[in-house]
Participant: 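Take a look at this one; I'll ask things after.
Naming: A, B, ... by sequence-line order, numbering from 1 per chain. Any value given below was found using the heavy atoms of this structure, including those in side chains, with hydrogens, waters and symmetry copies removed.
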Amino acid sequence: DQQVKQNSPSLSVQEGRISILNCDYTNSMFDYFLWYKKYPAEGPTFLISISSIKDKNEDGRFTVFLNKSAKHLSLHIVPSQPGDSAVYFCAASANTGNQFYFGTGTSLTVIP
Amino acid sequence: GAGVSQSPRYKVAKRGQDVALRCDPISGHVSLFWYQQALGQGPEFLTYFQNEAQLDKSGLPSDRFFAERPEGSVSTLKIQRTQQEDSAVYLCASSLVGRTLNTGELFFGEGSRLTVL
């Protein structure tokens, strides 16, 4: 069963506009969440994380929002740039566990 | 280099053949993970090492899959008698921290793409 879900396989956004990528999870034990970015033929690279004690974390153009009651997190990219075009994976972990659970990814295309 | 290194990058195997995939983690990283990523899917957990100890192998899909990290550094994922459903990208990741996952990120290698004919 998929404990982390990314229901939008793809997203297209104009350069300069906001990109919003969504992620839902089912396991209430998850307490740490990350976003990874992946270019073709490369491994995923870490983008930003958030602990469950926070509801927002910002790093430059990237902001992650966490809504624990809805078991939902989102990644906002403002302004979007063509170099942001990649597949974005949401991941979650529980302090009691040994693994990160990944969503299926959202392919973002930023149109110049 | 300073990152996680995996080899081979590409491997084509005939069904029934044994394969071995190697991972060189970042020096000093305590934790090492293997993930399997099928086409169009997210990475799925296979196994986890803390130093040389394999603490979790719950994600290994069958007893044909075996992983080791004998000296707490380089790791090898071995797949015996490969089947077509084993075709995937096998990702290795390492982390500086130990068992607690919520204080660190994973650093991934580029992956080994296995195609079983």
Participant: Within a radius of less than 6.0 Å around CZ of R15(B), do more than 12 heavy atoms belonging to other residues, nucleotides or ligands occur?
Facilitator: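 Open: at most 12 neighbouring heavy atoms sit under 6.0 Å from CZ of R15(B).
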Participant: Only heavy atoms, only distances under 4.5 angstrom. Which residues in residues 108-117 of chain B are near chain A?
Facilitator: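 Against chain A, the residues of residues 108-117 of chain B that fall inside the cut-off (heavy atoms, under 4.5 Å) are F108(B), G109(B), E110(B).
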Participant: With a 6.0 Å cut-off (strictly less than), is the heavy-atom count around CD of E85(B), excluding the residue itself, greater than 12?
Facilitator: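 For E85(B), atom CD is crowded (more than 12 foreign heavy atoms under 6.0 Å).
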Participant: Membership question, hydrophobic clusters at under 4.5 Å side-chain separation (ILVMFWY): are I77(A) and V13(A) in the same one?
Facilitator: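 As far as the 4.5 Å side-chain criterion goes, I77(A) and V13(A) are connected within one cluster.
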Participant: Does anything in residues 38-50 of chain A get under 4.5 Å of chain B by heavy atoms, and if so which residues?
Facilitator: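 Listed by number, the contacting residues are K38(A), A41(A), E42(A), G43(A), P44(A), F46(A).
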Participant: Using a heavy-atom distance cut-off of less than 4.5 Å, which residues of residues 86-93 of chain B contact chain A?
Facilitator: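 Listed by number: L91(B).
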Participant: Out of curiosity, does L46(B) fall in the hydrophobic cluster containing F100(A) (side-chain heavy atoms, cut-off under 4.5 Å, transitive links)?
Facilitator: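 Different hydrophobic clusters.
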Participant: Does CZ in R17(A) sit with more than 12 non-hydrogen atoms of other residues, nucleotides or ligands closer than 6.0 Å?
Facilitator: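 Counting other residues, nucleotides and ligands, CZ of R17(A) stays at 12 neighbours or fewer.
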Participant: Quick one: what part of Q6(B) sits under 4.5 Å from any heavy atom of chain A, side chain, backbone, both or neither?
Facilitator: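 For Q6(B), neither part sits under 4.5 Å from chain A.
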Participant: Tell me whether F49(B) is reachable from F65(B) by hopping between hydrophobic residues (I, L, V, M, F, W, Y) whose side-chain heavy atoms are closer than 4.5 Å.
Facilitator: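 Hydrophobic grouping puts F65(B) with F49(B).
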Participant: More than 12 heavy atoms of other residues, nucleotides or ligands under 6.0 Å from CD of E44(B): yes or no?
Facilitator: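 Open: at most 12 neighbouring heavy atoms sit under 6.0 Å from CD of E44(B).
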Participant: Kindly give the heavy-atom pair with the smallest separation between F89(A) and Q41(B), and that separation in Å.
Facilitator: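 Distance-wise, the nearest heavy atoms are CE2-O, 4.0 Å.
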Participant: Going hydrophobic residue to hydrophobic residue with side-chain gaps under 4.5 angstrom, can you get from L75(A) over to Y101(A)?
Facilitator: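 Result: yes, single cluster for both.
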Participant: Show the nearest heavy-atom pair for residues Q99(A) and F45(B), with the distance to one decimal.
Facilitator: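 Shortest heavy-atom separation between Q99(A) and F45(B) comes out as OE1-CB, 3.0 Å.
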Participant: Hydrophobic clusters here meaning ILVMFWY residues chained together by side-chain heavy-atom distances under 4.5 Å, can you tell me if Y88(A) and F33(A) are in one?
Facilitator: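 Per the 4.5 Å side-chain linkage, Y88(A) and F33(A) are co-clustered.
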Participant: Check Y36(A) against L106(B) and note the closest heavy-atom contact, atom names and distance.
Facilitator: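 Nearest pair, atom of Y36(A) first, then L106(B): OH-N, 2.8 Å.
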Participant: With a 3.5 Å cut-off and sequence neighbours excluded, list the donor-acceptor pairs that the side chains of residues 64-73 of chain A form with protein atoms.
Facilitator:
residue, atom, partner, partner atom, Å
N67(A), OD1, S69(A), N, 3.2
N67(A), OD1, S69(A), OG, 2.8
N67(A), OD1, A70(A), N, 3.0
K68(A), NZ, S52(A), O, 2.8
H72(A), ND1, C23(A), O, 3.3
H72(A), ND1, D24(A), OD1, 2.8
H72(A), NE2, N22(A), OD1, 3.2

